[in-house]
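Nothing fancy with the numbering, it's 1 onward along the sequence. Whatever order the structure lists them in is the order used to number ligands and atoms, beginning at 1. Source: prediction; values computed, not measured. No hydrogens, no waters, no symmetry mates; every other heavy atom, side chains included, goes into these values.
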Amino acid sequence: MKLPSAATGLFLGTAAATPLSLRSSTLNYNMAPPNLSTLPNNSLYETWRPRAHVLPPNGQIGDPCMHYTDPATGVFHVGWLHDSAGIAGATTSDLATYTDLNPNGGQAIVPGGINDPVGVFDGSVIPSGINGLPTLLYTSVSYLPIHWSIPYTRGSETQSLAVTTDSGRNFTKLDQGPVIPGPPFAANVTAFRDPYVFQNTQLDTLTSSQSNTWYTVISGGIHNQGPTQFLYRQYDPDFQYWEYLGQWWSEPTNSTWGDGTWAGRWGFNFETGNVFSLNEEGYTADGEIFGTLGTEGSDLPIVKQLTSIHDQLWVAGSVAKNTNGSVEFTPSMAGFLDWGFSSYAASGKVLPATSKPSTQSGAPDRYISYVWLTGDQYGQAEGFPTNQQNWTGALLLPRELKVQSLDVVDNALSREEGASWRVESNNTDAGTVELRTLGISIARETEAKLLSGKPSVEAGRTVSSAGVLPFQHSPESKFFVLKTNISFPASARQSGLQTGFQILASESEHTSIYYQFANESVVIDRSNTSAAAQTTSGIDSFTESGKLRLFDVLDGGEESVETLDLTIVVDNSILEVYANGRFALSTWVRSWYANSTEIRFLHNGVGQATFSNVTVSEGLYNAWPERA
Ligand SMILES: *[C@@H]1O[C@H](CO)[C@@H](O)[C@H](O)[C@H]1NC(C)=O
Ligand SMILES: *[C@@H]1O[C@H](CO)[C@@H](O)[C@H](O)[C@H]1NC(C)=O
Ligand SMILES: *[C@@H]1O[C@H](CO)[C@@H](O)[C@H](O)[C@H]1NC(C)=O
Ligand SMILES: *[C@@H]1O[C@H](CO)[C@@H](O)[C@H](O)[C@H]1NC(C)=O
Ligand SMILES: *[C@@H]1O[C@H](CO)[C@@H](O)[C@H](O)[C@H]1NC(C)=O
Ligand SMILES: *[C@@H]1O[C@H](CO)[C@@H](O)[C@H](O)[C@H]1NC(C)=O
Ligand SMILES: *[C@@H]1O[C@H](CO)[C@@H](O)[C@H](O)[C@H]1NC(C)=O
Ligand SMILES: *[C@@H]1O[C@H](CO)[C@@H](O)[C@H](O)[C@H]1NC(C)=O
Ligand SMILES: *[C@@H]1O[C@H](CO)[C@@H](O)[C@H](O)[C@H]1NC(C)=O
Ligand SMILES: *[C@@H]1O[C@H](CO)[C@@H](O)[C@H](O)[C@H]1NC(C)=O
Ligand SMILES: *[C@@H]1O[C@H](CO)[C@@H](O)[C@H](O)[C@H]1NC(C)=O
Ligand SMILES: *[C@@H]1O[C@H](CO)[C@@H](O)[C@H](O)[C@H]1NC(C)=O
């Protein structure tokens, strides 16, 4: 990229040579921004950098993967693809603060070996693998390009092993060929990658395997048939051979769960499939089977990567044997793990009660998932000031996944088929049903630490006229958590109400976050989020939204609309909105002006809503205390 040599007059000297601590002082956030792509390298490093999120010291973060609890230390390891050149990682003892495994966030495994001359893609770890050591099963790449929309080059993706003997700083490749050397016989695949290792008692029983056998799903698809997961099981104690058990889950090309309302599209190809089992507390080996997965697709018959869809979904279902004896997974519900356009490639891991974070917090066995937030629209945000920022993307806050149960009124709202919940049981006398869905919430240690910032309580209020109303106590910074409950009268369902907040607000900018019954959505309107979007291409400003149904519930015998329970995390440019323990929507909010820190109540349309327990915790912690 050619960068103009003439300075725009808004910075002093050459920022590229400016020490880190002075970088941000060279820009004037009280004046309109220039075209940010014309600034010197590194000049925007601090501008939008988050404080409490996982990201490398610099460069690009890709898919999270390679997480595990080290059996020797109980410390949890989080990994991610880094700069398209292997996998880097960090450790955490509290799911809040992290320590890089290598200096400058360097990789623990890089491409360039005989099995992986051109790439190392996602892998997952057997914590006590070969010789009892953490053992990585990863996709070793020999040919590029690989994309579901083009014919597949044979041998592009194989699965290989690497083992660590130094607590995860280096995963050393075994001096041998791949352990899964290619897709099943004559399968014309769209992809064959992201092996995810797991244990499952239901599969042990169904396939007459020894207990605690390791399985792996490999994500991909078959040309002209559809996306699929290939299932394998461990054959020997050294993980040298993996026995193929079939395409345990396949969907037709470009199909949907239900009519697509609640769970996007299955698309043309599956990626980053995880499989795990949950109960209402968290993880259990014999619980209900869940998965998270990325789906790739396109709205257009003529496929261009630019118009690719990347949906970050979850699915639950049952396993059974076919008449021919092979194992089959059948979905019973599906939804979005995160509704954001940039949210994708989630990867999680079992976090045992005996791990360091859990012994400190008293948590039971859990399943913890990290979602990727691409920083440049999957590399397609043309003109994004990548060199000026010198980091791209982040991982979203760790999430605890579990089964969520809800007692709600038995009516058309709860009985909808093809949704992201299912009816577990009914109580005819009470006129209620028990629903099951996936519970999604910020990991408890992470949330507790986020809430340990400077607290302020905003008086609750009932609003009935349209408009905005500034908080008495707005934050002074762009680092805070906002929590509230909003309740609505039954009449709100038929109204055009939009109720929520404006955040990161000043005269010049604001981001609106509201719930609207019209399409049962949480909406993030970013059309006025950033003055920089007007001067710089690649700063996205489109509206994000996700569907959340507020059910009817019985409150002391009376029917009422379920309360909207909101947690909004603002970590400078990263916005995560969580609702009702089962909804997440994350996106970028790149405000420019220093004083865009106001919060305002927002209410549009006819009807009323009541905000209660409005609290702001300001500050957020530094997730990387050991970085300079
Ligand atoms: C916010 O900053 C802008 C730009 O410097 C300035 O014009 C405006 O007066 C400031 N607003 C407040 C409330 O201080
Ligand atoms: C800015 O960074 C890019 C990418 O690393 C590099 O190609 C370019 O030479 C740098 N420009 C300057 C002026 O250092
Ligand atoms: C890991 O160790 C092996 C064996 O010493 C070495 O060849 C390799 O370069 C190391 N990998 C990284 C990423 O440092
Ligand atoms: C595999 O699928 C691709 C894309 O549809 C097609 O071009 C190719 O002919 C197929 N190969 C075989 C062996 O069927
Ligand atoms: C996928 O399905 C959608 C909805 O039916 C349709 O609009 C789109 O054209 C399809 N895409 C392709 C590539 O067939
Ligand atoms: C078993 O049956 C399923 C469903 O009918 C089919 O998809 C699969 O290919 C069959 N497997 C074998 C090994 O024949
Ligand atoms: C990003 O930061 C690293 C470390 O400070 C530096 O080596 C690299 O040149 C920077 N890249 C750009 C594009 O400024
Ligand atoms: C309600 O539950 C009973 C069992 O408790 C079941 O027989 C019946 O089919 C259920 N009815 C509906 C409408 O789900
Ligand atoms: C919101 O309400 C739920 C129960 O309906 C409660 O568990 C939660 O603590 C409330 N949140 C706030 C911020 O008061
Ligand atoms: C910003 O500058 C870049 C680099 O000179 C240029 O390609 C781009 O078109 C400019 N964007 C706008 C919105 O002017
Ligand atoms: C809901 O409606 C808004 C417009 O008010 C739209 O921007 C958004 O995409 C819709 N969301 C869903 C999930 O349908
Ligand atoms: C507000 O918080 C208090 C104490 O934290 C709790 O008892 C009460 O139920 C909450 N009210 C609502 C409406 O969430």
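With salt bridges taken as basic N to acidic carboxylate O contacts below 4.0 Å, one links Asp338 and Arg399.
A donor-acceptor pair is defined here as one N or O able to donate and one able to accept, closer than 3.5 Å; no such pair exists between the side chain of Ser521 and the backbone of Val523. The backbone N or O of Arg590 sits less than 3.5 Å from a side-chain atom of Ser530, completing a donor-acceptor pair.
Taking any N or O of Ser545, backbone or side chain, at least one lies under 3.5 Å from an N or O belonging to ligand 11. Checked by distance only, ligand 1 and Glu507 come closer than 3.5 Å through their nitrogen or oxygen atoms.
Within the set Leu548, Val523, Leu585, Asn519, the minimum heavy-atom distance to atom 1 (C) of ligand 11 is found for Asn519. When the heavy atoms of Glu520, Gln498, Glu544, Gln516 are ranked by distance to atom 3 (C) of ligand 11, first place goes to Gln516. In this structure, of Asn41, Asn390, Asn42, the residue bringing a heavy atom nearest to atom 10 (C) of ligand 2 is Asn41.
Stacking of Arg493 on the aromatic ring of Phe517 is not recorded, the 6.0 Å distance cut-off and the 45° axial limit not both being met. The cationic atom of Arg49 (NZ for Lys, CZ for Arg) lies less than 6.0 Å from the six-membered ring centre of Trp391 and within 45° of the ring axis. At least one cation-pi condition fails for Arg600 and Phe471: the charged atom is not both under 6.0 angstrom from the six-membered ring centre and inside a 45 degree cone around its axis. Under the 6.0 Å distance and 45° angle rule, Lys547 counts as a cation-pi partner of Trp262.
Under a 4.0 Å criterion applied to the non-hydrogen atoms of Lys547, ligand 11 contributes the atoms 13 (C). Heavy-atom contacts of Asn387 reach the following atoms of ligand 2: 2 (O), 3 (C), 4 (C) (cutoff under 4.0 Å).
Contact annotation: for Asn595 versus ligand 1, heavy atoms closer than 4.0 Å belong to the side chain alone.
At the top of the distance list for atom 4 (C) of ligand 1, counting protein heavy atoms only, stands Asn30 O, 3.1 Å.
Using a 4.0 Å threshold on non-hydrogen atoms, atom 7 (O) of ligand 1 does not count as touching the protein.
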